[in-house]
2 protein chains.
Amino acid sequence: MKKYLEILKKCPLFFEIEEESLLRMLTCLGATIDLYDKKYTVMPEGKPVKHIGIVLSGSVQINQVDYDGNRTIIANVYPGELFAEAFACAEAKSFPLSVIANEPSYIMLIDVSHILHTCNNNCGFHQQLIFNLMKDIALKTITFYQKIEVTSKRSTREKLLTYLNMQAKKAGYRTFDIPFNRQELADFLEVDRSGLSAEISKLRKEGIIESNKNHFTLI
Amino acid sequence: MKKYLEILKKCPLFFEIEEESLLRMLTCLGATIDLYDKKYTVMPEGKPVKHIGIVLSGSVQINQVDYDGNRTIIANVYPGELFAEAFACAEAKSFPLSVIANEPSYIMLIDVSHILHTCNNNCGFHQQLIFNLMKDIALKTITFYQKIEVTSKRSTREKLLTYLNMQAKKAGYRTFDIPFNRQELADFLEVDRSGLSAEISKLRKEGIIESNKNHFTLI
DNA sequence: TAAAGTATGTTGAATTTTCAACAAAATGAG
DNA sequence: CTCATTTTGTTGAAAATTCAACATACTTTA
């Protein structure tokens with residue numbers, strides 16, 4: 001675990017937890033670390049959610065797939081970030097998403113009941129972890145509203161421009177990379193891939209954007 | 001405040017708080033109660049969010065309105081339920097939604113900093129409130145995934161059927177009322193109102209649903 | 001109760017999106 | 001380096017959505 005100490009220190013779950021107590025605490029929480037290869041399922045859809053996931057290296061993708069195979073990408077999750085925390089904390093009976101590794105990734109899993117329910121050792125960190133979870137879930141809720149802001153637009157063009165403007169704002173520059181290929185961007189924006197490609201070409205011809213693969217510039 | 005004790009006891013924010021301490025606690029938290037008339041704005045878009053709202057009577061609607069006036073309805077909130085809690089807890093600099101009273105409604109507002117930061121009186125309830133907030137925000141996150149599940153469908157028909165099936169499941173019956181009129185349902189599903197009306201008629205002719213105003217039956 | 005205002009359903013035209021198919025470009029494996 | 005696979009862009013036809021306009025039904029209030 002020591003190997004990932006730097007990442008864990010940045011993890012919002014461990015905000016205001018002393019570095020010295022972190023490793024001890026992880027043992028107490030029964031945290032495990034596993035390697036998942038590219039395209040492997042970290043958490044399968046349908047099962048009850050018992051664990052909070054933390055990406056230590058690589059990245060994972062949170063997908064919602066319906067009965068006839070339509071995929072919606074909810075988010076990519078990067079080192080130091082959590083996933084499945086809302087469902088775990090709500091003790092959801094069924095996880096409606098699937099979590100897939102984008103690349104070989106080390107993932108830490110922590111049984112959420114070890115966080116929420118005070119242990120016999122009477123550790124003092126539970127309150128801080130619960131506070132941190134509350135903050136983290138609240139912040140993540142805000143990113144969902146942003147997804148709704150994008151996908152509630154009625155046309156491919158507007159969805160794309162709303163998304164690109166958000167990314168530019170986030171990056172702080174008019175030039176930035178997006179974390180999706182075309183199909184993934186289409187699945188995030190909830191539009192048809194070929195129509196999205198056509199719209200990108202159109203915006204380029206109109207001189208509104210410049211783009212090359214997943215690199216974009218707003219003119 | 002006594003008048004609303006029964007509602008407050010059901011509010012998830014006060015789970016596991018003794019009835020006897022509730023009123024004292026509300027005073028300590030500086031809770032206020034105000035009446036908002038129909039169509040009045042309870043929380044305006046754009047301002048920093050300092051308060052958590054609790055509906056005591058009536059109901060409010062959470063809307064997202066973009067620069068060119070397109071409205072997306074996020075949810076209706078009913079007595080005993082919270083609103084704006086995620087933005088307040090995340091200490092968001094700007095509230096991207098607007099909260100409007102659907103009818104004359106009594107609303108309690110609590111400054112979230114009074115909950116998150118221990119007061120001088122050293123009240124013992126902060127930890128419980130933070131835990132309750134965490135649970136509440138986690139549960140609400142799940143309802144957002146349900147909204148995404150509905151709106152990510154590509155056609156009006158599929159959005160509508162997904163929504164109706166969810167409502168039926170929630171009601172526990174194939175016959176149920178929905179909390180929206182046509183325009184509101186269209187704004188929730190993120191589709192055109194007239195197209196939605198046409199689709200409802202079509203489903204009725206095909207014998208898939210029966211409906212009258214906001215009363216629906218899945219056949 | 002009547003009148004005004006609001007909500008709903010219907011229609012057809014214009015616009016968009018989706019779908020399918022394919023070629024070109026890029027990537028990855030051996 | 002070459003071949004196989006995946007990704008991307010392009011196109012046209014089919015299907016669906018949006019938009020505008022209007023008639024009817026329903027609500028509200030004066």
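Letters go in sequence order (proteins before strands), and every chain restarts at 1.
Comparing the local axis fitted to the first five base pairs of the helix from C:dT1-D:dA30 to C:dG30-D:dC1 with the one fitted to its last five gives a bend of 60°, rounded to 10°.
At whole-Å resolution of the value, NE2 in B:His215 and C1' in C:dT8 are 18 Å apart. Rounded to an integer number of Å, the gap from CZ of B:Arg157 to P of D:dA16 is 9 Å. As a whole-Å value, the separation of B:Phe180 CZ from C:dT8 P is 13 Å. Atom CG of B:Leu185 and atom C1' of C:dA7 are 14 Å apart (whole Å). The nearest whole Å value for the distance from the CD atom in A:Glu190 to the C1' atom in D:dT17 is 16 Å. Atoms CG (B:Asn181) and C1' (C:dT6) sit 10 Å apart, rounded to a whole Å. Rounded to an integer number of Å, the gap from A:Leu189 CG to C:dT16 C1' is 16 Å. At whole-Å resolution of the value, CG in A:Leu161 and P in C:dT16 are 14 Å apart.
A salt bridge (Lys or Arg N to Asp or Glu O under 4.0 Å) check over residues 85-113 of chain B, counting only residues at least two apart or in different chains, returns the pairs A:Lys135-B:Glu91, B:Glu85-B:Lys140. Among residues at least two apart or in separate chains, side chain to side chain donor-acceptor pair (under 3.5 Å) pairs with a member in residues 165-177 of chain A are A:Thr175-A:Thr217, A:Asp177-A:His215. The ring pair (Phe, Tyr, Trp, His ring centres under 6.0 Å) pairs that include a residue from residues 183-208 of chain A are A:Tyr163-A:Phe188, A:Phe180-A:Phe188, where partners are two or more places apart or lie in different chains. The list of salt bridge (Lys or Arg N to Asp or Glu O under 4.0 Å) pairs with a residue in residues 39-53 of chain A, not counting sequence neighbours, is empty. Contacts classified as salt bridge (Lys or Arg N to Asp or Glu O under 4.0 Å) and involving residues 178-188 of chain B (residues at least two apart or in different chains) are given here: B:Arg71-B:Asp187. Contacts classified as salt bridge (Lys or Arg N to Asp or Glu O under 4.0 Å) and involving residues 205-219 of chain B (residues at least two apart or in different chains) are given here: B:Arg157-B:Glu206.
Ring-centre distance between A:Phe87 and B:Tyr145: below the 6.0 Å cut-off.
A heavy atom closer than 4.0 Å to some atom of DNA chain D occurs in A:Ser197, A:Ser201, these being the qualifying members of residues 196-205 of chain A.
Distance alone, capped at 3.5 Å, places no donor-acceptor pair between the A:Ser105 side chain and the A:Ala101 backbone.
Take B:Pro79 and apply the side-chain contact (heavy atoms from CB on, under 4.5 Å) test, not counting sequence neighbours, and it matches B:Ile7, B:Val55. Applying the side chain to side chain donor-acceptor pair (under 3.5 Å) test to A:Tyr78 and every residue at least two apart in sequence or in another chain returns A:Asn76. In this structure, A:Phe176 has no ring pair (Phe, Tyr, Trp, His ring centres under 6.0 Å) partners at least two apart in sequence or on a different chain.
Comparing C:dG9, D:dT10, D:dA16 by their nearest atom to the side chain of A:Arg193 picks out D:dT10. When distances are taken from the side chain of A:Ser194 to each of D:dT10, C:dT18, D:dT18, the shortest belongs to D:dT10.
When the nearest nucleotides of DNA chain C are assigned to B:Lys39 and B:Arg154 by heavy-atom distance, the more 5′-ward of the two goes with B:Lys39.
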Kindly give the atom pairs (protein nitrogen or oxygen, nucleotide nitrogen or oxygen) under 3.5 Å for nucleotides 23-30 of chain D.
| residue | atom | partner | partner atom | Å |
| --- | --- | --- | --- | --- |
| D:dT27 | OP1 | B:Lys213 | NZ | 2.9 |

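A 4.5 Å side-chain heavy-atom check between B:Asp136 and B:Leu13 finds every atom pair outside the cut-off.
The shortest distance between the side-chain N/O atoms of A:Arg182 and the OP1/OP2 oxygens of D:dG9 is below 4.0 Å.
Using a 4.0 Å heavy-atom cutoff across all strands shown, A:Asp192 reaches at least one base atom of the nucleic acid.
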